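Worksheet: one structure, shown below.
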Number of protein chains: 4
Amino acid sequence: MQQIADEAGIAKGTLYLYFKDKEDLLASVADSELDKLRAEIDRAFLEETGLEETLRHIVAAQFTFFEEHSEIFRVYHEVAGVGRMKHKRDCHPRFQAFLDRLAGLFRRAMAKGELRKANPEGLAIFMVEGTFGIIVRRIAGARKGSLKDEVELVVGTILRGMQAGRSRR
Amino acid sequence: MQQIADEAGIAKGTLYLYFKDKEDLLASVADSELDKLRAEIDRAFLEETGLEETLRHIVAAQFTFFEEHSEIFRVYHEVAGVGRMKHKRDCHPRFQAFLDRLAGLFRRAMAKGELRKANPEGLAIFMVEGTFGIIVRRIAGARKGSLKDEVELVVGTILRGMQAGRSRR
Amino acid sequence: MQQIADEAGIAKGTLYLYFKDKEDLLASVADSELDKLRAEIDRAFLEETGLEETLRHIVAAQFTFFEEHSEIFRVYHEVAGVGRMKHKRDCHPRFQAFLDRLAGLFRRAMAKGELRKANPEGLAIFMVEGTFGIIVRRIAGARKGSLKDEVELVVGTILRGMQAGRSRR
Amino acid sequence: MQQIADEAGIAKGTLYLYFKDKEDLLASVADSELDKLRAEIDRAFLEETGLEETLRHIVAAQFTFFEEHSEIFRVYHEVAGVGRMKHKRDCHPRFQAFLDRLAGLFRRAMAKGELRKANPEGLAIFMVEGTFGIIVRRIAGARKGSLKDEVELVVGTILRGMQAGRSRR
DNA sequence: GATGAATGAGATTTCATTCAT
DNA sequence: GATGAATGAAATCTCATTCAT
């Protein structure tokens, strides 16, 4: 809490004027800042640009957002997904909602025959956590390279896989 | 530590007979048990069954091992990869070695033309962390389904992607 | 630490706001209060009143200070000289500096022919630890008697010894 | 206790077959080994060689004994004199007895006019603790020099003091 | 008797939370 | 509202002591 207050440039006690406790703070901070990311992802889901563009939009939004808000990523990761599931048995409702929405996107694409049949929830988790794995390493400075390439790696792999001779339509 | 001791049915102080401190305990527990997983993954890397079978072997080994050692996964995840990178700036050497080896496998496959050109380290991270995402949810009880299907989801996606009309050779 | 906190009328945790750890606390407490004693001893060394008066001044300062700060003596003795040498292999730098200064005083007096030739460091240690031995017993209540007599005992013995017929100038 | 057991070449538990608890062990160990020193000091007190030789004998016995039993000195110092007075309010009965005997020696010498009048208990404490101060530093390796010189420093100072022109009878 | 693994009370230290200013 | 010194519950760690083998 001291560390958070320091970075925020306010006093430790002041935090408790705005947040009930630490958990509330973590959730709220992530929540409020993340609204920008959520808005962007919302837009991705709503615009009717087809599966590939939608995925590209979502993944690019994540890379871009956390590139500029690396402090938040730590909190987000702690409170939202895998990090939280080590304490509680579920992930954050908002995060779950995002996963569900992504799974829904996959499910519809499977129904339309755009994607082959598979477990849509699993695919959503796989893509999102895999993406987070790459983001963590970027934040730690262990990866350079353009965001564009990272996005292409994720979306290209999910859609077309890595097998040669199948990569371009 | 008290909690760990309680679960182990021994006294708090007893833990310190076997481990220097908390960090040592976490690392050691994971390390010793994980040797079985490492051995299995070693075997996967060494047998010459082709890229697809090797990947399948690795991923299946991970799912199977953590299915039976779910307690370890928490520790492992904390000490090895993403979890650790939130405290330190690098991941565990053994984990990094695994990532490197996997990246090497990808790199050679790319050189041979089996896989299309991409960033092999990024691909390794993506696959491993994505897999862990699924494992966490299985452990939490949020996912049922056969291990075979989970493996197929991961390996199939990595190799062939999800786009319809490209899934079988 | 609990005991110290209790006596100070504050909470255990509060101690750690002011001191890094237990050792720091012990050293600091002794250090800060001891500045008064150090100042007095400094004065003794600096005023040019001759060997005998200087020694009398130093020894009197020690008796007087620890008479009024008996709590400190315990800490001081633990952290500074003999007490510390049972843990570490040296005594506290400040204490060593005091011993050196005293030895220097003796050395110069020997050079001038005021004192007979002997090992000045040994003499300094002997006088200081001997003095501390008496102080401990005063603090414990095992000795009454005027401070003046105690000082006379120490300084008189060091300078003129106890042999009869040699005691007065 | 582990350390003590190791040095003794027996198991920790075995210590408790012979000693009730740690304090008992420290006291007993010191006691039994110290019997040799006590015997020597007894001899010093009993032989009728005059004050100076008696003191020389006592001090030499202490230097010699602790030179060869430096491990004991730590215990002895903790359990007997100044060290103990930081916990309890008195020193060890045996140590007190030694101090009393030494003070008695001084008192008789004062009565006979061999020593000038002073506080015999204080003188005993001063001499013994001063001697211990030098011994500690020898054990720590901070002092070299012959035992003979150390003895001479102590006894010479006590009897004749350091003032020039008074040193030899 | 001897052992040393196990114990647990107690010591040190941390840190989320409170509250007087 | 804002502050940060103070708190104390809980965490980590130590070590004298016990007891099954």
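Remember, it's a predicted structure, so these values are computed and weren't measured experimentally. Below, chains carry the letters A, B, ... as their sequence lines are ordered, and counting in each starts from 1.
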Under 4.0 Å, counting only non-hydrogen atoms across every strand here, what does A:Ile10 touch: a base, just sugar-phosphate, or nothing? sugar-phosphate
Distance check needed: F:dA9 P versus C:Met1 CE, whole Å only. 18 Å
Complementary nucleotide of E:dA11, counting Watson-Crick and G-U pairs under 3.5 Å: F:dT12
Look at all strands and tell whether D:Lys12 reaches a base, only sugar-phosphate, or nothing, counting heavy atoms closer than 4.0 Å. base
D:Arg137 side chain reached by C:Glu129 side chain, heavy atoms, under 4.5 Å: yes
Could you tell me the Watson-Crick or G-U partner of E:dA20, where both distances fall under 3.5 Å? Say none if there is no partner. F:dT3
Between C1' on F:dT17 and CD1 on D:Ile4, what's the gap in Å once rounded to a whole number? 13 Å
Quick check on ring-ring contact (aromatic ring centres under 6.0 Å, His included): which of C:Phe63, C:Phe65, C:Phe66 does C:Phe73 satisfy it with? C:Phe66
Atom-to-atom span, NZ of B:Lys22 to P of E:dT13 - whole angstrom: 18 Å
Atom pair distance, as rounded to whole Å: CG in D:Leu15 and P in F:dT18: 13 Å
Could you give the CD-to-C1' distance, from C:Glu23 to E:dA11, as a whole number of Å? 16 Å
N or O in side chain of C:Thr14 less than 4.0 angstrom from F:dT7 OP1/OP2: yes
At under 4.0 Å, does any side-chain N or O of B:Tyr16 touch on OP1 or OP2 of F:dT14? no
Find out whether A:Arg38 and A:Asp42 are in side-chain contact, i.e. whether some heavy atom of one side chain is under 4.5 Å from a heavy atom of the other. no
Nucleotide E:dA11, atom P - distance to CG of C:Leu25 in whole Å: 15 Å
Looking at every strand, decide which applies to A:Tyr18 at a 4.0 Å heavy-atom threshold: base, sugar-phosphate, or nothing. sugar-phosphate
Find the distance between OG1 (C:Thr64) and CD (C:Glu40) and round it off to the nearest 0.5 Å. 8.0 Å
Provide, to the nearest angstrom, the distance between the CG atom belonging to D:Asp21 and the P atom belonging to F:dC15. 17 Å
What pair of heavy atoms forms the shortest contact from A:Asp24 to A:Tyr18, and how long is it? OD2-O, 4.4 Å
Starting at CG of C:Asp6 and ending at C1' of E:dA11, how long is that distance when rounded to a whole Å? 14 Å
As a test of reading the structure: which of E:dT12, F:dG4, F:dA11 is closest to the side chain of A:Ala11, going by heavy atoms? F:dG4
If you pin B:Gly13 and D:Gly13 to their nearest nucleotides in DNA chain E, which one's is more 5'? D:Gly13
